[in-house]
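The block underneath contains the structure these notes are about, expressed in structure tokens.
Quick note on labels: first sequence line is chain A, next is B, and so on, each numbered from 1.
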Amino acid sequence: MSSFNERVQQLLKKIPHGKLTTYKQLAIALGNPKAARAVGNACRRNPYPGKVPCHRVVKSSGEIGGYAKGRAKKIALLRSEGIIIKKGKVPNLNEILFTAKQLR
DNA sequence: AGTAAGGCGGGCA
DNA sequence: GTGCCCGCCTTAC
């Protein structure tokens, strides 16, 4: 399979419940800080729904970003995990952010 | 096999 | 706060 996709999946699986990550962090963890978009692509192409929590990934700005099933769904899932979302944004992202070093 | 377009972002102006 | 450009990956033609 695609190495990139595999790598992204593994990183996503490492994200603990109640925490969040950004595409940038994932890209950095992959060794390409500019591949944030590519990471988003991997999530969108994610062949393992339910196995890879792509909904735990948000933008570096704290915005929810997009979601294959709909942003509302993503927000609902995050809220269900105890993550506070304000107007489609995460005000305390810095407190629950899972950094690339943590993904390492 | 090569080329072109798309996509869930990030950074800068 | 908004708009534009860039760069990376995958997929389709």
Side-chain angles (χ1 to χ4, degrees):
Chain A
M1 305 307 209
S2 315
S3 324
F4 206 87
N5 212 303
E6 254 178 71
R7 215 75 32 126
V8 175
Q9 291 169 205
Q10 194 175 257
L11 292 175
L12 289 173
K13 287 197 275 187
K14 286 174 156 201
I15 304 172
H17 178 267
K19 283 248 185 156
L20 285 180
T21 296
T22 66
Y23 297 100
K24 173 106 187 288
Q25 294 304 317
L26 287 168
I28 293 169
L30 291 170
N32 257 323
K34 290 178 171 188
R37 218 168 184 185
V39 174
N41 256 3
C43 271
R44 175 187 174 250
R45 298 214 97 251
N46 182 1
Y48 307 108
K51 194 173 179 185
V52 183
C54 346
H55 63 270
R56 276 186 201 157
V57 190
V58 296
K59 284 184 137 191
S60 65
S61 303
E63 299 177 63
I64 298 304
Y67 193 51
K69 255 194 160 234
R71 278 156 236 170
K73 187 81 178 185
K74 189 172 179 179
I75 293 170
L77 284 165
L78 292 173
R79 277 191 181 175
S80 292
E81 298 205 344
I83 294 166
I84 300 168
I85 298 175
K86 209 70 173 173
K87 292 231 168 111
K89 318 261 167 51
V90 183
N92 62 332
L93 172 65
N94 197 60
E95 297 179 19
I96 59 180
L97 177 60
F98 212 57
T99 60
K101 295 205 170 181
Q102 303 287 317
L103 291 165
R104 254 180 67 182

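With contacts defined as side-chain heavy-atom distances shorter than 4.5 Å, the pair T22(A)/L93(A) qualifies. At least one side-chain heavy atom of H55(A) sits less than 4.5 Å from a side-chain heavy atom of E81(A).
Regarding I28(A), its CD1 atom lies at a distance of 17 Å from the C1' atom of dC9(C), rounded to whole Å. Residue R45(A) contributes atom CZ, which lies 14 Å from atom C1' of dA5(B) at whole-angstrom precision. What separates CG of N5(A) from C1' of dC8(C) is a distance of 14 Å, to the nearest Å. Taking atom OH on Y67(A) and atom P on dG9(B), their separation rounds to 14 Å, with Å as the unit. When the P atom of dG1(C) is taken as reference, atom NZ of K87(A) falls 11 Å away, rounded to whole Å. One interatomic measurement links the two molecules: CZ of R44(A) to C1' of dG9(B), which rounds to 14 Å at whole-angstrom precision. Distance R71(A) CZ to dG9(B) C1': 13 Å, rounded to the nearest Å. For the pair E6(A) CD and dT10(C) P, the computed distance is 11 Å after rounding to whole Å.
Nucleic acid contact class of A38(A) (heavy atoms, under 4.0 Å, all strands): base.
Here R56(A) contributes atom CZ and I83(A) contributes atom CD1; the two are 7.5 Å apart, rounded to the nearest 0.5 Å.
The environment of NZ in K34(A) is sparse: at most 12 heavy-atom neighbours from other residues, nucleotides or ligands sit within 6.0 Å.
The side chain of N32(A) lies closest to dC9(C), out of dG10(B), dT11(C), dC9(C). Closest to the F4(A) side chain, of the nucleotides dG7(C), dC9(C), dG7(B), is dC9(C). Side-chain proximity of R37(A) to the nucleotides dC6(C), dT11(C), dC9(C) is greatest for dC6(C). Comparing atom distances between the K34(A) side chain and each of dT10(C), dC8(C), dG10(B) picks out dC8(C) as nearest.
The two atoms that bring L97(A) and Q25(A) nearest to each other are CD1-CG, 4.4 Å, heavy atoms only.
Judged by Watson-Crick or G-U wobble contacts below 3.5 Å, the nucleotide dC6(C) has dG9(B) as its partner.
Side-chain nitrogen and oxygen atoms of K24(A) include at least one within less than 4.0 Å of the OP1 or OP2 phosphate oxygen of dG11(B).
DNA chain B is contacted by both N41(A) and S60(A); N41(A) maps to the nucleotide lying nearer its 5′ end (nearest heavy atom per residue).
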